[in-house]
Protein chains: 2
Amino acid sequence: MGNSDSDICHRNMTSPTMFHKRQAGKSQTRKSQTSALKSRVMEVSLAHFSDVGIEQTNVGDILQDADCSVGSLYHHFGSKEGIAEALFVEGVDHFNAGLLAALLPRRTASTGIKAMVTFCCEWVTDQPQLAAFLLSREIKLSELARLELREKDRAFGQSTYDWFAPHVKSGELQALPTGLYMPLICGPTLECSRMWLSGRSARSPGEVAAILAEASWQSVRKSVRKS
Amino acid sequence: MGNSDSDICHRNMTSPTMFHKRQAGKSQTRKSQTSALKSRVMEVSLAHFSDVGIEQTNVGDILQDADCSVGSLYHHFGSKEGIAEALFVEGVDHFNAGLLAALLPRRTASTGIKAMVTFCCEWVTDQPQLAAFLLSREIKLSELARLELREKDRAFGQSTYDWFAPHVKSGELQALPTGLYMPLICGPTLECSRMWLSGRSARSPGEVAAILAEASWQSVRKSVRKS
DNA sequence: ACTATTCTAGAATTTTGTTCTAGTAATAAT
DNA sequence: ATTATTACTAGAACAAAATTCTAGAATAGT
């Protein structure tokens, strides 16, 4: 153990019982400092990750840009992948919540499905960085995070299913395996998003939202014709 | 040139003399040995990449599993990313060729579109490793490879367009921005594939191919009804 | 006051991708 | 045939980056 002599003089203010510095204006509480640090790290990391990818991002840059020490970073996130994981879970949460908020208020099958597609398009166009990061499946999730996500997925699926069920019953929507609705409704949009985000396509999802919405609706509505 | 005997090398004390280490029974030609080595490296790398991702794969493991030396690997591929790049280009070629081969012989719009979707499903289900690797957009391509791919993309797009055009003209297919056909036709399938490959869904694309084919067809056919 | 816990800090270590020098086989040039 | 050149193999050495370690400081709990 270290010899803890001499240079403590500094902080040795006689008798601090309830003496913590709570200078509300200037220095914040430790708690808020910490949470600010974590946000800073995540924000900075997202910028780097979505720009050059997780692998190419080096921890040193994050440390510098977020004004964070090695110790703090590894204390809070465990590893570089840990940061990515936190970002991923947060991002999925945000997206799912928005999607549900867009869907649930709609009363007809047609408007609901189209609202989902439209929301998807707008979300991607509005926050390309986060979208690019989420859509690039570059993240190796830990077992823990994987379970957490699976549970969120399940809950989300249940919520959408509750909305779909009546419309399936009424004959407006096709009856499909539950796992197929999302791919059919959002798959084309996400594919367009990937193209746009990676620079392979010039048209943003926002610009083609109406076409995508109509097409996706056609793909899941109950067809009266035989093909 | 240089007389090798006089100047003693300080850094390299051991010399790589033995070469007969890797001759299996008969000594093959150097050429075939080399190409076998390259294939081995690519095969082994694909297994690792699709399993844990490029970042998590370390070169040492590839070297060991492929029984390859550092020098050879860097001579042939330049870097770890170089291996990924080679795999990626080869994979895209293979997929595109198959897709075209499935599409071109079909005479009607409906059978053509459905053939594309079906091929997609089968291809992913048949070679999950390669599919997982291609669908994870984890690869940072070099400028050279990027151009090469863009050209292949263009050629591929042209070929499909040539097939689509008559059916659009005849009123069977919707007229859409060219960039939208692929996302609409293959987007849902690819989304399903991602889900299945990442373990988030239990149903393989192969199992739901028929449903996907029908739905995708509905999304791009010319609709007679208004919705 | 004392102890435990959480957090910050950065030096030290380890891991890992890549470079470097050197040697070998095959081929082209003289 | 001899020599020069090129393609390839080999692994030690290197550099850079991720992570661990040790220690000290702030806060919470008793």
Side-chain angles (χ1 to χ4, degrees), chain A residues 1-23 27-38 40-41 45 48 52 54-64 66-84, chain B residues 1-23 27-38 40-41 45 48 52 54-64 66-84:
Chain A
M1 300 311 201
N3 42 1
S4 50
D5 53 340
S6 55
D7 45 49
I8 313 181
C9 34
H10 223 55
R11 58 155 185 123
N12 213 349
M13 330 189 125
T14 54
S15 91
T17 308
M18 257 325 229
F19 207 17
H20 330 101
K21 331 196 158 132
R22 279 287 173 87
Q23 309 160 357
S27 87
Q28 307 156 302
T29 69
R30 170 72 90 86
K31 227 176 177 176
S32 72
Q33 270 186 353
T34 295
S35 89
L37 178 63
K38 284 165 81 171
R40 233 158 51 227
V41 168
S45 298
H48 282 92
V52 296
I54 298 177
E55 171 157 30
Q56 295 294 324
T57 300
N58 56 344
V59 180
D61 288 348
I62 296 176
L63 258 24
Q64 187 165 353
D67 194 22
C68 174
S69 73
V70 206
S72 295
L73 189 140
Y74 280 88
H75 174 72
H76 290 300
F77 296 98
S79 72
K80 186 165 73 165
E81 286 286 324
I83 309 173
Chain B
M1 298 286 171
N3 50 353
S4 42
D5 285 2
S6 52
D7 50 16
I8 309 279
C9 172
H10 303 7
R11 298 169 7 105
N12 264 348
M13 301 301 287
T14 59
S15 50
T17 31
M18 299 281 158
F19 241 84
H20 22 291
K21 177 176 170 183
R22 192 151 17 239
Q23 328 180 328
S27 80
Q28 307 155 307
T29 71
R30 172 70 89 83
K31 228 176 179 177
S32 73
Q33 269 187 354
T34 295
S35 89
L37 179 62
K38 284 166 83 169
R40 234 158 50 227
V41 167
S45 297
H48 281 94
V52 297
I54 298 176
E55 169 157 33
Q56 295 294 324
T57 299
N58 56 345
V59 181
D61 288 348
I62 296 175
L63 258 26
Q64 187 166 353
D67 193 22
C68 173
S69 73
V70 205
S72 296
L73 189 141
Y74 281 88
H75 174 73
H76 290 300
F77 297 99
S79 71
K80 185 166 75 166
E81 286 288 324
I83 309 172

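These figures come from a predicted structure and were not determined experimentally. Here is the naming used below: chain letters follow the sequence lines, and residue numbers restart at 1 for every chain.
What separates CG of B:L37 from P of C:dT24 is a distance of 19 Å, to the nearest Å. Going from atom NE2 of A:H76 over to atom P of D:dT19 covers 16 Å, rounded to whole Å. With rounding to whole Å, B:H75 atom NE2 is found 15 Å from C:dA22 atom C1'. Following rounding to the nearest Å, A:K38 (NZ) and C:dC7 (P) show an atom-to-atom distance of 7 Å. For the pair B:F77 CZ and D:dC8 P, the computed distance is 11 Å after rounding to whole Å.
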Check: protein-nucleotides 17-19 of chain C nitrogen or oxygen pairs below 3.5 Å:
from   : atom 1 : to    : atom 2 : distance (Å)
C:dG17 : OP1    : B:T57 : O      : 3.3
C:dG17 : OP1    : B:K80 : NZ     : 3.3
C:dG17 : OP2    : B:V59 : N      : 2.7
C:dT18 : OP2    : B:Y74 : OH     : 2.8
C:dT18 : OP2    : B:K80 : N      : 3.0

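For the 3.5 Å distance criterion, the side chains of A:S35 and A:S32 fail to qualify, holding no donor opposite an acceptor.
Take A:D61 and apply the side chain to side chain contact (heavy atoms under 4.5 Å, CB included) test, not counting sequence neighbours, and it matches A:H48, A:N58. Shown here are the side chain to side chain contact (heavy atoms under 4.5 Å, CB included) partners of B:Q56, two or more places apart in sequence or in another chain: A:E81, B:V52. Every residue two or more places apart in sequence or in another chain that forms a side chain to side chain contact (heavy atoms under 4.5 Å, CB included) with B:K80 is listed here: A:E55, B:F49, B:I54, B:V59. For B:S79, there are no side chain to side chain donor-acceptor pair (under 3.5 Å) partners at least two apart in sequence or on another chain. The side chain to side chain donor-acceptor pair (under 3.5 Å) search around A:T34 returns none, not counting sequence neighbours.
Contact annotation: B:S69 side-chain N/O to D:dT9 OP1/OP2 distance is not under 4.0 Å. Contact between the side-chain N/O atoms of B:T34 and the OP1/OP2 oxygens of D:dA7 is not found at any separation under 4.0 Å.
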